[in-house]
Colleague: 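Have a look at the structure that comes next, please.
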Amino acid sequence: MCGDFNAPYQVWKCFTNRPRGNQLLKFANQTDLDIIAPTTPTIFGYNSTSTIDLALNKNFVFPFYISSLSELSSNHNPIEISS
(Lines give C-alpha, C1' and ligand atoms only; values in the text may rest on other atoms or scores of the structure.)
Protein backbone atom coordinates (compact mmCIF):
# COMPACT_ATOMS: atom_id res chain seq x y z
CA MET A 1 0.00 0.00 0.00
CA CYS A 2 1.48 3.33 -1.04
CA GLY A 3 0.39 6.83 -0.33
CA ASP A 4 0.82 10.24 1.17
CA PHE A 5 0.56 9.27 4.82
CA ASN A 6 1.40 12.79 6.01
CA ALA A 7 3.20 11.15 8.92
CA PRO A 8 6.70 12.59 9.43
CA TYR A 9 9.08 10.49 11.52
CA GLN A 10 12.87 10.41 11.77
CA VAL A 11 12.99 6.66 11.07
CA TRP A 12 12.11 7.42 7.43
CA LYS A 13 14.48 10.40 7.27
CA CYS A 14 12.21 13.26 8.29
CA PHE A 15 13.65 16.06 10.39
CA THR A 16 11.00 15.77 13.11
CA ASN A 17 8.71 13.21 14.67
CA ARG A 18 4.99 13.94 14.62
CA PRO A 19 2.17 12.07 16.40
CA ARG A 20 0.84 10.66 13.12
CA GLY A 21 4.30 9.25 12.30
CA ASN A 22 4.48 7.66 15.74
CA GLN A 23 1.03 6.11 15.23
CA LEU A 24 2.03 4.75 11.82
CA LEU A 25 5.22 3.20 13.20
CA LYS A 26 3.29 1.67 16.11
CA PHE A 27 0.66 0.25 13.72
CA ALA A 28 3.36 -1.19 11.43
CA ASN A 29 5.10 -2.85 14.38
CA GLN A 30 1.84 -4.32 15.73
CA THR A 31 0.81 -5.73 12.34
CA ASP A 32 4.28 -6.89 11.25
CA LEU A 33 4.41 -4.48 8.30
CA ASP A 34 7.51 -2.87 6.86
CA ILE A 35 7.57 0.84 6.12
CA ILE A 36 9.69 1.72 3.13
CA ALA A 37 10.58 5.23 2.10
CA PRO A 38 12.82 6.83 -0.49
CA THR A 39 16.13 8.28 0.65
CA THR A 40 15.23 11.70 -0.74
CA PRO A 41 12.29 13.93 0.31
CA THR A 42 8.88 13.64 -1.27
CA ILE A 43 7.51 17.06 -0.30
CA PHE A 44 9.08 20.47 -0.43
CA GLY A 45 7.72 23.44 1.49
CA TYR A 46 8.88 26.86 2.55
CA ASN A 47 12.31 26.20 4.09
CA SER A 48 11.48 22.55 4.73
CA THR A 49 11.51 19.11 3.17
CA SER A 50 10.07 15.85 4.38
CA THR A 51 9.39 12.26 3.37
CA ILE A 52 5.66 11.66 3.86
CA ASP A 53 4.95 9.51 0.81
CA LEU A 54 5.65 5.94 1.89
CA ALA A 55 4.83 2.34 1.20
CA LEU A 56 3.72 -0.36 3.63
CA ASN A 57 4.40 -3.97 2.76
CA LYS A 58 4.48 -7.39 4.32
CA ASN A 59 6.58 -10.40 3.36
CA PHE A 60 7.88 -8.79 0.18
CA VAL A 61 10.88 -10.98 -0.61
CA PHE A 62 11.88 -9.66 -4.04
CA PRO A 63 14.63 -7.05 -4.38
CA PHE A 64 13.26 -3.57 -4.95
CA TYR A 65 14.28 0.06 -5.15
CA ILE A 66 12.13 2.96 -3.99
CA SER A 67 12.74 6.48 -5.21
CA SER A 68 11.25 9.96 -5.14
CA LEU A 69 10.64 11.26 -8.67
CA SER A 70 10.98 14.97 -9.36
CA GLU A 71 9.00 14.79 -12.58
CA LEU A 72 5.92 16.86 -11.73
CA SER A 73 5.49 20.60 -11.31
CA SER A 74 4.26 20.14 -7.76
CA ASN A 75 5.66 20.43 -4.27
CA HIS A 76 4.97 16.65 -3.92
CA ASN A 77 7.13 14.08 -5.64
CA PRO A 78 5.53 10.74 -6.47
CA ILE A 79 7.34 7.60 -5.40
CA GLU A 80 8.26 4.72 -7.65
CA ILE A 81 8.95 1.18 -6.53
CA SER A 82 10.82 -0.95 -9.03
CA SER A 83 12.95 -4.04 -9.16
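Starting from 1, each residue takes its place in the sequence as its number.
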Colleague: What heavy-atom pair brings P8 and S50 nearest, and what distance separates the two atoms?
Modeller: CB-OG, 4.0 Å
Colleague: Same cluster or not: are V11 and I52 linked, directly or through other Ile, Leu, Val, Met, Phe, Trp or Tyr residues, by side-chain heavy atoms under 4.5 angstrom apart?
Modeller: no
Colleague: Distance from S68 atom OG to F44 atom CZ, nearest 0.5 Å?
Modeller: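 That separation rounds to 5.5 Å.
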Colleague: Does the side chain of N6 come within less than 4.5 Å of R18's, by heavy atoms?
Modeller: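 No. Closest side-chain heavy atoms not under 4.5 Å.
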Colleague: If you compare all heavy atoms of T51 against all heavy atoms of K13, which two are closest, and at what distance to 0.1 Å?
Modeller: OG1-O, 4.2 Å
Colleague: Quick one: does N22's side chain get under 4.5 Å of Y9's, heavy atoms only?
Modeller: yes
Colleague: About how many Å separate OG of S70 and NE2 of H76, when rounded to the nearest 0.5 Å?
Modeller: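 It is 14.5 Å, given to the nearest 0.5 Å.
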Colleague: Are any of the side-chain heavy atoms of T49 and I43 separated by less than 4.5 Å?
Modeller: no
Colleague: In a check of side chain to side chain contact (heavy atoms under 4.5 Å, CB included) between P38 and each of I81, I66, L69, which one passes?
Modeller: I66
Colleague: Tell me, do L72 and N77 make a side-chain contact under 4.5 Å, heavy atoms counted?
Modeller: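 With C-beta onward as the side chain, the pair stays apart.
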Colleague: Are I35 and M1 connected in a single hydrophobic cluster, I mean Ile/Leu/Val/Met/Phe/Trp/Tyr linked by side-chain heavy atoms less than 4.5 Å apart?
Modeller: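 Yes, M1 connects to I35 through the hydrophobic network.
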Colleague: Give the cluster check for Y65 versus F62: same hydrophobic cluster or not, with ILVMFWY residues linked at side-chain heavy-atom distances below 4.5 Å.
Modeller: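 Y65 does not cluster with F62.
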Colleague: Give a yes or no on this: more than 12 heavy atoms of other residues, nucleotides or ligands lie within 6.0 Å of atom CZ of F15.
Modeller: no
Colleague: Counting N and O atoms only, with roles assigned by atom type, does the side chain of T42 sit under 3.5 Å from a partner on the main chain of D53, one being a donor and the other an acceptor?
Modeller: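 The answer is yes, because a donor-acceptor pair under 3.5 Å joins these two groups.
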Colleague: Minimum heavy-atom separation for W12 to G21, with atom names?
Modeller: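 Taking every non-hydrogen atom into account, CH2-O, 3.6 Å.
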Colleague: Let me confirm one number: the CG-CG distance from L24 to L54, rounded to the nearest 0.5 Å.
Modeller: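 Result: 6.5 Å between the selected atoms.
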Colleague: Which distance, rounded to the nearest 0.5 Å, do you find between the CZ of F64 and the CD1 of I36?
Modeller: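 Answer for the CZ-CD1 pair, F64 versus I36, is 4.0 Å.
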Colleague: Among the clusters formed by ILVMFWY side chains lying less than 4.5 Å apart, do F5 and F27 turn up in the same one?
Modeller: yes
Colleague: Using a 4.5 Å cut-off on heavy atoms from C-beta on, say whether the side chain of Q10 contacts that of T16.
Modeller: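 T16 vs Q10: side chains apart.
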